[in-house]
Amino acid sequence: MTDKQSDVLSVDRPDNVTRPPYIYGTAVIMAVIMHMAMPWNIPDRLITAEHGLVTGIGLIALAAIVIMTAFIQFRRAKTTVDSMKPSTAVVTNGIFALSRNPIYLGMTVALVGISLALNSLWILVMAVPVLFVMHFGVIKREEAYLEAKFADSYRAYKQKVRRWL
């Protein structure tokens, strides 16, 4: 084991800035507050409020299915969903054969769905800092942790499956 791997594994969990649902949830709360203070609707020429509501609900439902599927696969592999706890396995089959981060992908799709359903551009604007924090504060740190812990098996998985989709 290299010094870098040993540093990453000194505490057997990723060094995430916080739990990802907190990042997404905070963004939605902040965007809703901004929308209430200064409404910024999606222009009708892009999508009407009625179509946005239906499309948004559909995207939220799709996101829920993706997230629940990933949760079930984690449970079957007997590893944790909580990104602040030690991983015991790398799940590479099912939905994880399409995306290394299907839960984060699902949360991002849900964010877009919420934006459409609530007819608020603020939520889409908040997606930019969310994805920045997720990339540098969560995903890159989780990747370093998984690579240090599972070495070649995780590196092979990274070569085969894209980070998002």
(request) Report whether F132 and M30 are members of the same hydrophobic cluster (ILVMFWY, side-chain heavy atoms less than 4.5 Å apart, transitive linking). (result) no

(message) Within the 4.5 Å heavy-atom criterion, are I103 and P20 side-chain neighbours or not?
(response) no

(message) Testing the basics here: between A117 and I57, what is the closest heavy-atom pair and its distance to 0.1 Å?
(response) CB-N, 4.5 Å

(request) Answer yes or no: are there more than 12 heavy-atom neighbours, outside H51 itself, under 6.0 Å from its atom NE2? (result) no

(message) Check this for me: R75, atom CZ, are more than 12 non-hydrogen atoms of other residues, nucleotides or ligands nearer than 6.0 Å?
(response) no

(message) Show the nearest heavy-atom pair for residues V138 and N16, with the distance to one decimal.
(response) O-OD1, 3.4 Å

(message) Consider side-chain contact (heavy atoms from CB on, under 4.5 Å). Of N119, I123, N41, which one does H35 pass it with?
(response) N41

(message) For T88 and T79, which I'm curious about, is there any donor-acceptor pair between the side chains at under 3.5 Å?
(response) yes

(message) I'd like to know if the side chain of S153 and the backbone of F150 have a donor-acceptor N/O pair within less than 3.5 Å.
(response) yes

(request) Kindly indicate whether the side chain of K160, heavy atoms from C-beta on, has any atom under 4.5 Å from the side chain of R155. (result) no

(request) Heavy atoms only: give me the nearest V91-F96 pair and the separation to one decimal. (result) O-CB, 3.3 Å

(message) Less than 4.5 Å apart, side chain to side chain, heavy atoms only: is that true for M134 and M107?
(response) no

(message) What I want to find out is whether D12 reaches K149 closely enough, with some N-O distance under 4.0 Å, to be called a salt bridge.
(response) yes

(request) Spell out, yes or no, whether V128 and V133 are grouped together once hydrophobic residues are joined by side-chain heavy atoms under 4.5 Å, including indirect joins. (result) no

(request) Find out whether E143 and R163 are in side-chain contact, i.e. whether some heavy atom of one side chain is under 4.5 Å from a heavy atom of the other. (result) yes

(message) Would the distance check show the side chain of T80 and the main-chain N or O of S87 forming a donor-acceptor pair, the cut-off being under 3.5 Å?
(response) no

(request) Look up atom CD1 in I95 and atom CG in N101, then write down how far apart they are to the nearest 0.5 Å. (result) 11.5 Å

(message) Rounded at 0.5 Å granularity, tell me how far CG in L116 sits from CG in L59.
(response) 6.0 Å

(message) Quick check: closest heavy atoms across A63 and G106, and the distance to 0.1 Å?
(response) CB-O, 3.0 Å

(message) Does any part of the side chain of I139, heavy atoms only, come nearer than 4.5 Å to the side chain of W164, both counted from C-beta?
(response) yes

(message) Please find the pair of heavy atoms, one from I60 and one from A110, that lie closest to each other, and give the distance.
(response) CG1-O, 4.0 Å

(message) Could you go through Q159 and Y154, starting from their C-alpha distance and side-chain angles, then the distance that decides it, and tell me whether this counts as side-chain hydrogen bond (donor to acceptor under 3.5 Å, both in side chains)?
(response) CA-CA 9 Å; Q159 290 297 314; Y154 184 71; over 6 Å; no

(message) With clusters defined by side-chain heavy atoms of hydrophobic residues (ILVMFWY) lying less than 4.5 Å apart, directly or transitively, does I29 cluster with V112?
(response) no

(message) So S99 and V66, do their side chains get closer than 4.5 Å, heavy atoms only?
(response) no

(message) Please check this pair: side chain of W122 against backbone of M38, looking for a donor-acceptor N/O pair closer than 3.5 Å.
(response) yes

(request) Give the minimum heavy-atom separation between S120 and S115, together with the two atoms involved. (result) O-OG, 2.6 Å

(request) Examine distances only and state if a side-chain atom of R141 and a backbone atom of D15 form a donor-acceptor pair shorter than 3.5 Å. (result) yes

(message) Side-chain heavy atoms nearer than 4.5 Å, only ILVMFWY residues, links allowed to pass through others: does that put L46 and L124 together?
(response) yes

(message) Is it the case that the side chains of Y104 and E142 hold a donor-acceptor pair, with the cut-off being a distance below 3.5 Å and no angle test?
(response) yes

(message) For residues Y24 and V81: do they belong to one hydrophobic cluster (side chain heavy atoms under 4.5 Å, members Ile, Leu, Val, Met, Phe, Trp, Tyr)?
(response) yes

(message) Quick check: do W40 and V125 have side-chain heavy atoms less than 4.5 Å from each other?
(response) yes

(message) Donor-acceptor pair, distance only, cut-off 3.5 Å: does the side chain of R100 make one with the backbone of V161?
(response) yes

(message) Taking M84's backbone N and O only, do any of them form a donor-acceptor pair with R19's side chain (distance below 3.5 Å, no angle check)?
(response) no

